[in-house]
2 protein chains.
Amino acid sequence: MTEPLQDDRNPTIDAQFKALSDGTRRALLEYLVREGEQSVHALTAIAGVSQPMVSRHLGKLKRAKLVTARRAGRETYYSARSKGLAPVVQWMAVYGALWSQRFTALEGMEA
Amino acid sequence: MTEPLQDDRNPTIDAQFKALSDGTRRALLEYLVREGEQSVHALTAIAGVSQPMVSRHLGKLKRAKLVTARRAGRETYYSARSKGLAPVVQWMAVYGALWSQRFTALEGMEA
DNA sequence: CCCATTCATAACCATTTGGTTATGACGTAG
DNA sequence: CTACGTCATAACCAAATGGTTATGAATGGG
């Protein structure tokens, strides 16, 4: 509704698109979405990269509000954050709708 | 449909998310979507960056198949490519649907 | 024919990014 | 108490990224 005058820089959307732009990160996220809460250990097993890198990817996903972390003993469990995608979905709804008429039923979503 | 075994690296989706992860690029794209075909000149006027940078951003959007270019005389006109968002939308449809039940009516979309 | 406009590319720079190995903090199990 | 398992952070590196100014290739107008 608020007209993006010339540059609607939005930190959250920025962070989310950037977070989603990496294949490894998407794979982690997809795994969390499909399999539910997972420890870093488990995620390291399925990601093709080292454990520190997994931690860093998860950190970025967390800062993008796409996942949440729950510490339990020596393990940290990450889960996909529902509502996490909302900002991106909203962007898609607005511009995708204008773009073509292929979008519908995406409204009623709050960041 | 094809189960992402552990890492569904998809160059197009990668490129699209990456392309969308920059605010300036999104602003250019949004402008094209809202105002239709525009010359680089016009786009430079609304983007907050130099003309070469606009060209480079447009190049990246083009490689991501989000815009198309049409050369006319000394001007190049860019337009948002309809269907461009399809891969991203598809990803959103699949994972967004799993993610929460907030997604619907996103199927029937082809890349 | 010359000059100006439009655009893309080159050269350069600082920062970010994805990756690694090494280390350290903390919890748990003998 | 010691040893191991889990995770995050540090240090480091090469490559990509966003930005700039300078240049060059076309096209169009006087």
Side-chain angles (χ1 to χ4, degrees), chain A residues 6-32 35 37-64 66-79, chain B residues 6-32 35 37-64 66-79:
Chain A
Q6 79 169 37
D7 191 339
D8 75 309
R9 292 184 186 280
N10 178 328
T12 302
I13 291 216
D14 242 73
Q16 295 204 337
F17 272 122
K18 204 179 289 188
L20 293 173
S21 75
D22 180 81
T24 301
R25 234 136 43 203
R26 275 201 316 282
L28 289 172
L29 201 48
E30 291 164 6
Y31 192 75
L32 289 177
E35 306 294 330
E37 191 180 63
Q38 298 288 330
S39 70
V40 174
H41 186 63
L43 291 171
T44 300
I46 64 114
V49 295
S50 62
Q51 173 266 311
M53 204 57 220
V54 171
S55 280
R56 253 173 45 180
H57 279 312
L58 290 170
K60 190 162 246 180
L61 288 171
K62 196 171 73 176
R63 279 190 300 276
L66 290 171
V67 301
T68 56
R70 174 178 71 88
R71 188 93 199 221
R74 55 184 165 184
E75 302 176 4
T76 306
Y77 291 95
Y78 284 85
S79 353
Chain B
Q6 79 167 36
D7 192 339
D8 73 310
R9 292 184 184 281
N10 177 329
T12 302
I13 291 215
D14 242 74
Q16 296 204 338
F17 272 122
K18 204 179 290 188
L20 293 173
S21 74
D22 181 81
T24 301
R25 234 136 42 203
R26 276 202 314 282
L28 289 172
L29 201 49
E30 291 164 6
Y31 193 74
L32 289 176
E35 307 294 330
E37 191 180 63
Q38 298 289 329
S39 71
V40 174
H41 186 62
L43 291 171
T44 300
I46 65 114
V49 295
S50 61
Q51 173 267 310
M53 205 56 221
V54 171
S55 281
R56 255 175 42 180
H57 279 311
L58 290 170
K60 189 162 249 181
L61 289 170
K62 195 171 74 177
R63 280 189 300 274
L66 289 171
V67 302
T68 56
R70 172 177 72 89
R71 189 94 199 221
R74 55 183 166 185
E75 303 176 4
T76 306
Y77 291 96
Y78 284 86
S79 352

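Note on naming: letters A, B, ... go to the chains in the order of the sequence lines (proteins, then strands), and numbering restarts at 1 for each one.
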(request) Ignoring backbone atoms, establish whether His57(B) has a side-chain N or O less than 4.0 Å from OP1 or OP2 of dG19(D). (result)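 For His57(B), the contact criterion (side-chain N or O under 4.0 Å from OP1 or OP2 of dG19(D)) is met.
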
Please output the side-chain donor-acceptor pairs of residues 51-59 of chain B that fall under 3.5 Å, not counting sequence neighbours, one pair per line with the distance.
residue, atom, partner, partner atom, Å
Gln51(B), NE2, Ser55(B), OG, 3.2
His57(B), ND1, Arg25(B), NH1, 3.3

(request) Just jot down the side-chain contact (heavy atoms from CB on, under 4.5 Å) partners of Ala42(B), sequence neighbours excluded, or say none. (result) Gln38(B), Ser39(B)

[X] [atom1] to [N] [atom2]: how many Å, rounded?
X	N	atom1	atom2	value
Asp14(B)	dT17(D)	CG	P	10 Å
Leu43(A)	dG5(D)	CG	P	19 Å
Arg26(B)	dG18(D)	CZ	P	12 Å

(request) Give, for atom CG of Leu43(A) and atom NE2 of His41(A), the distance between the pair rounded to the nearest 0.5 Å. (result)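 Answer rounded to 0.5 Å: 10.5 Å.
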
(request) Would you mind building the protein contact string for nucleotides 1-11 of chain C? One character per nucleotide, 5' to 3', B for base within reach (heavy atoms under 4.0 Å), S for sugar-phosphate only, - for untouched. (result) ---BBSBBB-B

(message) Side chains of Ser79(B) and Leu32(B), heavy atoms from C-beta outward: is any pair under 4.5 Å?
(response) no

Would you tabulate the nitrogen or oxygen pairs shorter than 3.5 Å linking the protein to nucleotides 14-16 of chain D?
none

(message) List the residues meeting salt bridge (charged side-chain N to carboxylate O under 4.0 Å, His left out) with Arg63(B), not counting sequence neighbours, and say none if there are none.
(response)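 Listed in chain order: nothing, the list is empty.
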
(message) With salt bridge (charged side-chain N to carboxylate O under 4.0 Å, His left out) as the rule and sequence neighbours excluded, what pairs involving residues 67-78 of chain A come up?
(response) Glu37(A)-Arg70(A)

(request) Can you run down the ring pair (Phe, Tyr, Trp, His ring centres under 6.0 Å) pairs that involve residues 11-30 of chain A, sequence neighbours left out, and say none if there aren't any? (result)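 For residues 11-30 of chain A, and leaving out neighbouring residues, the ring pair (Phe, Tyr, Trp, His ring centres under 6.0 Å) pairs sorted by first residue read Phe17(A)-Trp91(A).
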
(request) Hey, which sits more toward the 5' end of DNA chain C by its nearest nucleotide, Arg25(A) or Gly73(A)? (result) Arg25(A)

(request) Indicate the atoms forming the closest heavy-atom contact of Leu66(B) with Ala19(B), along with that distance. (result)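 Closest heavy-atom pair between Leu66(B) and Ala19(B): CD1-CB, 4.0 Å.
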
